[in-house]
Peer 1: 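Can you read through this structure? Questions will come right after.
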Amino acid sequence: MTATPLIDPFQRTIDYLRVSVTDRCDFRCVYCMSENMTFLPKKELLTLEELDRMCSTFVGLGVKKLRITGGEPLVRRDIMTFFQRMSRHLDSGALRELTLTTNGSQLEKYADDLYAAGVRRINVSLDTLDDQKFADITRWGRLPQVMRGIDAAQKAGLRIKINAVALKGFNEDELFTMVDWCAERDMDLTFIEVMPMGDIGNENRLGQYWALSDLRDSLRERFTLTDLAERTGGPARYVRLEETGQKLGFITPLTHNFCESCNRVRLTCTGELYMCLGQEDMADLRKPLRDYPEDDRALENAIRAAIALKPKGHDFDYSRQKLDGQMPRHMSHTGG
Ligand code: SAM
Ligand code: SF4
């Protein structure tokens, strides 16, 4: 018997779940975390068994795509066990895609295991190709380690999309270098507009907001851009560079132009379900999960009740009362 799929009040089918498996990270990117982060006590986190039960319940309710994120998902202890367990849903055909977003630091170690677990495409976050700038923006990261990870991932057969946060005065001058580098290595590339997330301290953010409309104008100096109709149900929009045939993505989370086709929800590492990236409404799924260890019905009901509350659109509105429209939670908690 197949359960009724998750459909929200605006008739959007929710078939994409992003799961943060840890709030910890081996980097401290300046736009994401402060240098001295306080992380959650371990008992707050869903165990790997609980994550399995949670994700499997969502898959049973029609989720077809699972993206594992964090924090840095690959620093969670024994995370490969979780990927291996999830691969049974790929084998059964219930899940179409199992994927992750990573900073790349642990890929050298895990690329083959990820491929073996059925992962085929991954997103690697990388904002610069310059060693020193990389160390500056990530504070604790080192570029050669990530490069070795990317090499290992490609060798293992994983298709890579690079996600680069666009920062004025930081990687503006690397626009074409990054486009060329991705073309040479046959990797897709998406630019992300920086979002006001979390309390990351009062320090200089190194770079500043760089509107992707300006970035597009810069690209036009060298390339002919054709808008593509492709939609993923998320904030990404795509263009083709006619001269090279490359596809580039743009993620502008601050605009409201994608909410009508939103197909996703986000689960934090503590089992809170956020129905919208830009709003604070969430449902605690850990309670029904832990209260009824032998019976998934309470969890299923809680998931359906949460989906029924998914808002029509998000609310990054600078005129509102919240700290300049800033979301108080960290991206590493919700999962980017
Ligand atoms: N650690 C992994 C990584 O870096 O890919 C996964 C989690 S990270 C929070 C997911 C994505 O969010 C990364 O691509 C990162 O660049 C992006 N991100 C973090 N803070 C952001 C912000 N304030 N604005 C826009 N993107 C942000
Ligand atoms: Fe870590 Fe990713 Fe945040 Fe950077 S963006 S600090 S790699 S979680």
Peer 1: Determine, for F82 and R76, whether the Lys NZ or Arg CZ falls below 6.0 Å from the six-membered ring centre while staying within 45 degrees of the axis.
Peer 2: no
Peer 1: Looking at residues at least two apart in the chain, or sitting in another chain, which of them share a salt bridge (Lys or Arg N to Asp or Glu O under 4.0 Å) with K168?
Peer 2: E172
Peer 1: Would you mind reporting whether M86 and S56 have side-chain heavy atoms less than 4.5 Å apart?
Peer 2: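 In short, these two side chains touch, coming nearer than 4.5 Å.
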Peer 1: Between T101 and R67, do the side chains contain a donor N or O and an acceptor N or O under 3.5 Å apart?
Peer 2: yes
Peer 1: Within the structure provided, determine whether I160 and I150 are in side-chain contact (heavy-atom separation under 4.5 Å).
Peer 2: yes
Peer 1: Regarding R18 and Y16, is there a side-chain donor-to-acceptor distance under 3.5 Å anywhere?
Peer 2: yes
Peer 1: Name all residues meeting the salt bridge (Lys or Arg N to Asp or Glu O under 4.0 Å) criterion together with R264; count only those two or more places apart in sequence or in a different chain, and write none if there are none.
Peer 2: none
Peer 1: One thing to verify: whether E243 and R222 come together as a salt bridge, which I'm taking to mean a side-chain N less than 4.0 angstrom from a carboxylate O.
Peer 2: no
Peer 1: Taking the side chain as every heavy atom from C-beta outward, state whether K133 and D173 have any atom pair closer than 4.5 Å.
Peer 2: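 Yes, their side chains come closer than 4.5 Å.
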Peer 1: Check the side chains of T13 and D15 for a donor-acceptor pair under 3.5 angstrom, ignoring hydrogens and angles.
Peer 2: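 No, because no side-chain N or O of D15 sits under 3.5 Å from a partner of the opposite role on T13.
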Peer 1: How close do E35 and R28 get, counting heavy atoms only, and between which atoms?
Peer 2: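 E35 and R28 have their closest heavy atoms at O-NE, 3.4 Å.
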Peer 1: Ion pair present between R237 and D227, side-chain N to carboxylate O less than 4.0 angstrom?
Peer 2: no
Peer 1: Identify the two heavy atoms, one from L46 and one from R290, that lie closest to each other, and give their separation to 0.1 Å.
Peer 2: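 Closest pair (atom of L46, atom of R290, distance): CA-NH2, 4.2 Å.
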Peer 1: If a pair satisfies ring pair (Phe, Tyr, Trp, His ring centres under 6.0 Å) and one of its residues is in residues 112-147, list it, with sequence neighbours excluded.
Peer 2: F27-F134
Peer 1: Consider only side-chain heavy atoms of I, L, V, M, F, W and Y, link residues closer than 4.5 Å, and tell whether V239 and L228 are in one cluster.
Peer 2: no
